[in-house]
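Here's the structure we're looking at; comments come further down.
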Amino acid sequence: MDYDFLVIGAGIAGAAAAFELSERAPGARIAVVEREDTPGYHATGRSAALFVETYGGPLVRALVRGSRSFLETPPAGFAEYPLLSPRGVLHFAREGQRQRAEQLFADCRNLTRDLRLVEGGEITDLQPALRSGYAVCAVHEPHAMDIDVGALHQGFLRGFKASGGRLITGAGVNAIERPGERWRIQTTAGPLTAGAIVNAAGAWADEIAEAAGIAPLGLVPKRRTVITFDPPGDSPGTPPGGMAVAGWPMTIDVDESVSFKPEAGRILASPCDETPMPPSDAQPDEWDVAVAVERLREATTLTVERIAHKWAGLRSFLADKLPAVGPDTAEPTFFWLAGQGGYGIKTSPALGRLAAALLTGAEVPADLADLGVTAAALGPGRFSRASSHARASSHASASSHESVTRT
Ligand SMILES: Cc1cc2nc3c(=O)[nH]c(=O)nc-3n(C[C@H](O)[C@H](O)[C@H](O)COP(=O)(O)OP(=O)(O)OC[C@H]3O[C@@H](n4cnc5c(N)ncnc54)[C@H](O)[C@@H]3O)c2cc1C
């Protein structure tokens, strides 16, 4: 089959771009190819599902703000229930971290409504599980939200298919070449041709580039571990003292060494690990699980009696912790949409719109431009490829069992 646009990867990034592209370019032949049978199997299905405006650098915050209205008011029929539900975030600081919390507050106080720097007993009023006196101050973002990631992801894919787009699962791309004007792509489900490739392959994005003969950007996938456990107490959802956990904010220290939040009657926690590793089906490491339990014990009155679930996912970062969105400088029909790090869910509506605009030759959408988003700031041209090549290649060879190859 021949397509105008072939999106590689059906995680949240590929799904959002395909959805927006099908809106912007009606009539264009668009396909998304996904190696797994289930889209969302990798980073997208393993996140903490949080929409927080104070987490990430200035451009990430701009992309989050540029995503809010879509998430609050998605198009008619996009999702059955609201995509966002109230959560709140509490960034807490110990004595030596006070300055970091004050800086975070100063940087973000005009970004989001009702942001407050809180002290003393107000911290434990907001998060009763924190040990009394453990935190000296905290930044409270009350309007941070939980995202229904499944509904958002499925909404993008459903909308894309309803516009005539084709989702091909169980189709791992294993070779890419461009002998003439069109790309030829070999997948485990058969060959395809396309005018343009959108590289939304998550942790594998550099490998896809190398397979296509494009210099990689130096993407580094970093593993993050998550555990869930029942709150201690007489009944599910009730910790010692009888406080319901459901209304707790996501609670995280300002240096990001431990985080926890309620999740469907349980508590979800992470040691906020960032272990660089080759792209793969990341699994939780027992050491990181033990670190999560120990850090929780130190900071809170919570005890982890039995771990209900544990998993790990890859957050893939470029050197400046910003995503790469735009045509490759050497080959404009190869479009990057990679490096979303720990922000790819909450920024997906804005990044999908930006990708679709640039893919169709339009300017950065006006609302995103007003927030300071420019094509140059996010474009792949900001990287020196020579310095990044060696690092990415070592990841590619380390994960050769799942690699794609250049023909
Ligand atoms: C523990 C954890 C917590 C997080 N918390 C948050 C949060 O609270 N908020 C937030 O916004 N973000 C969060 N993130 C980050 C977010 O999950 C990611 O940024 C986002 O999911 C990246 O989406 P993606 O589509 O780029 O990658 P993925 O979901 O990994 O999708 C890439 C897809 O490409 C496919 N693919 C790769 N190679 C090939 C190939 N050769 N052929 C075909 N298909 C291929 C893969 O199978 C995969 O499905 C978190 C991440 C983790 C791990």
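One-based numbering, in listed order, for ligands and for the atoms of each.
- Comment: E53 engages R68 in a salt bridge, judged by a side-chain N to carboxylate O separation of less than 4.0 angstrom.
- Backbone and side-chain nitrogen or oxygen atoms of L314 are examined, and none is located within less than 3.5 angstrom of a nitrogen or oxygen of ligand 1.
- With F317 as the aromatic partner, K321 meets the cation-pi criteria of under 6.0 angstrom to the ring centre and within 45 degrees of the ring axis.
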(request) Might you work through the side-chain contact (heavy atoms from CB on, under 4.5 Å) test for L152 and I12, ending with a clear yes or no? (result) CA-CA 8 Å; L152 177 63; I12 199 82; 4.0 Å; yes
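- Contacts with ligand 1 closer than 4.0 Å are made by no heavy atom of T347, backbone or side chain.
- Contact annotation: A171 has at least one heavy atom less than 4.0 Å from an atom of ligand 1.
- Note that R87 lies outside the cation-pi zone of W248, set by a 6.0 Å cut-off to the ring centre and a 45° limit from the axis.
- Distances below 4.0 Å separate heavy atoms of G172 from the following atoms of ligand 1: 42 (N), 43 (C).
- Listed by number with element, the atoms of ligand 1 under 4.0 Å from a non-hydrogen atom of G313 are 53 (C).
- Polar contact with ligand 1: present for V173 (N/O pair, distance under 3.5 Å).
- Numbered from 1 in the order shown, with element, the atoms of ligand 1 that lie under 4.0 Å from a heavy atom of T44 read 21 (O), 23 (O), 25 (O), 28 (P), 29 (O).
- Heavy-atom minimum distance, D281 versus H42: CA-CE1, 4.1 Å.
- Every atom of ligand 1 with a heavy atom of G9 under 4.0 Å away is listed here by number and element: 33 (C), 34 (O), 35 (C).
- On a distance-only criterion, I345 and ligand 1 share at least one N/O pair closer than 3.5 Å.
- Taking each of A43, S270, A282 in turn, the one with a heavy atom nearest to atom 30 (O) of ligand 1 proves to be A43.
- Judged by the 6.0 Å distance and 45° axis criteria, R46 is positioned over the aromatic ring of Y41.
- Considering backbone and side-chain atoms together, L50 places an N or O closer than 3.5 Å to an N or O of ligand 1.
- Proximity of T225 to ligand 1, defined as any heavy-atom pair under 4.0 Å, is not found for any part of the residue.
- Taking every heavy atom of A13 and a limit of under 4.0 angstrom, the matching atoms of ligand 1 come to 24 (P), 25 (O), 26 (O).
- With a 4.0 Å heavy-atom cut-off, ligand 1 is reached by the backbone of Y343 but not by any atom from C-beta on.
- Within ligand 1, the atoms closer than 4.0 Å to a non-hydrogen atom of Q340 are 19 (O), 26 (O), numbered from 1 in the order shown.
- For D114 and H143, the side-chain atoms include at least one donor-acceptor pair closer than 3.5 Å.
- Polar contact check, W311 against ligand 1: no nitrogen or oxygen pair lies under 3.5 Å apart.
- Inclusion of K346 in the set of residues having an N or O under 3.5 Å from an N or O of ligand 1 is warranted.
- Annotation for ligand 1: atoms under 4.0 Å from non-hydrogen atoms of G341 are 15 (C), 18 (C), 19 (O).
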(request) Given ring-ring contact (aromatic ring centres under 6.0 Å, His included), test F229 with F260 step by step and report yes or no. (result) CA-CA 11 Å; F229 59 97; F260 61 100; 8.5 Å; no
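- The closest non-hydrogen atom to atom 49 (O) of ligand 1, taken over E36, E34, H42, comes from E34.
- Not a single N or O atom of G40, backbone or side chain, sits closer than 3.5 Å to an N or O atom of ligand 1.
- Of the possible polar contacts, one joining the S270 side chain to the T225 backbone as a donor-acceptor pair under 3.5 Å is found.
- Ion pairing of R94 with D253 is absent here, as no side-chain N (NZ or NE/NH1/NH2) approaches a carboxylate O to less than 4.0 Å.
- Inclusion of R35 in the set of residues having an N or O under 3.5 Å from an N or O of ligand 1 is warranted.
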(request) Quick one: do R182 and R184 satisfy side-chain contact (heavy atoms from CB on, under 4.5 Å)? Show the steps, please. (result) CA-CA 7 Å; R182 301 194 80 71; R184 273 198 214 152; over 6 Å; no
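- Below 3.5 Å of separation, one finds no N or O of A10 facing any N or O of ligand 1.
- Less than 4.0 angstrom separates some heavy atom of V226 from each of these atoms of ligand 1: 1 (C).
- The closest approach between any non-hydrogen atom of A200 and ligand 1 is below 4.0 Å.
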(request) Evaluate the criterion salt bridge (Lys or Arg N to Asp or Glu O under 4.0 Å) for residue pair E141 and R113; output intermediate values, then yes/no. (result) CA-CA 8 Å; E141 179 185 341; R113 274 184 305 129; over 6 Å; no
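- Taking each of A48, S316, G342, G14 in turn, the one with a heavy atom nearest to atom 3 (C) of ligand 1 proves to be A48.
- Residues R266 and E263 are not paired through a salt bridge, judged by the lack of any N-O separation under 4.0 Å between the basic side chain and the carboxylate.
- The closest side-chain donor-acceptor pair between T333 and E331 falls under 3.5 angstrom.
- Under the 4.0 Å criterion applied to side-chain N and carboxylate O atoms, R116 and E122 are assigned as salt-bridge partners.
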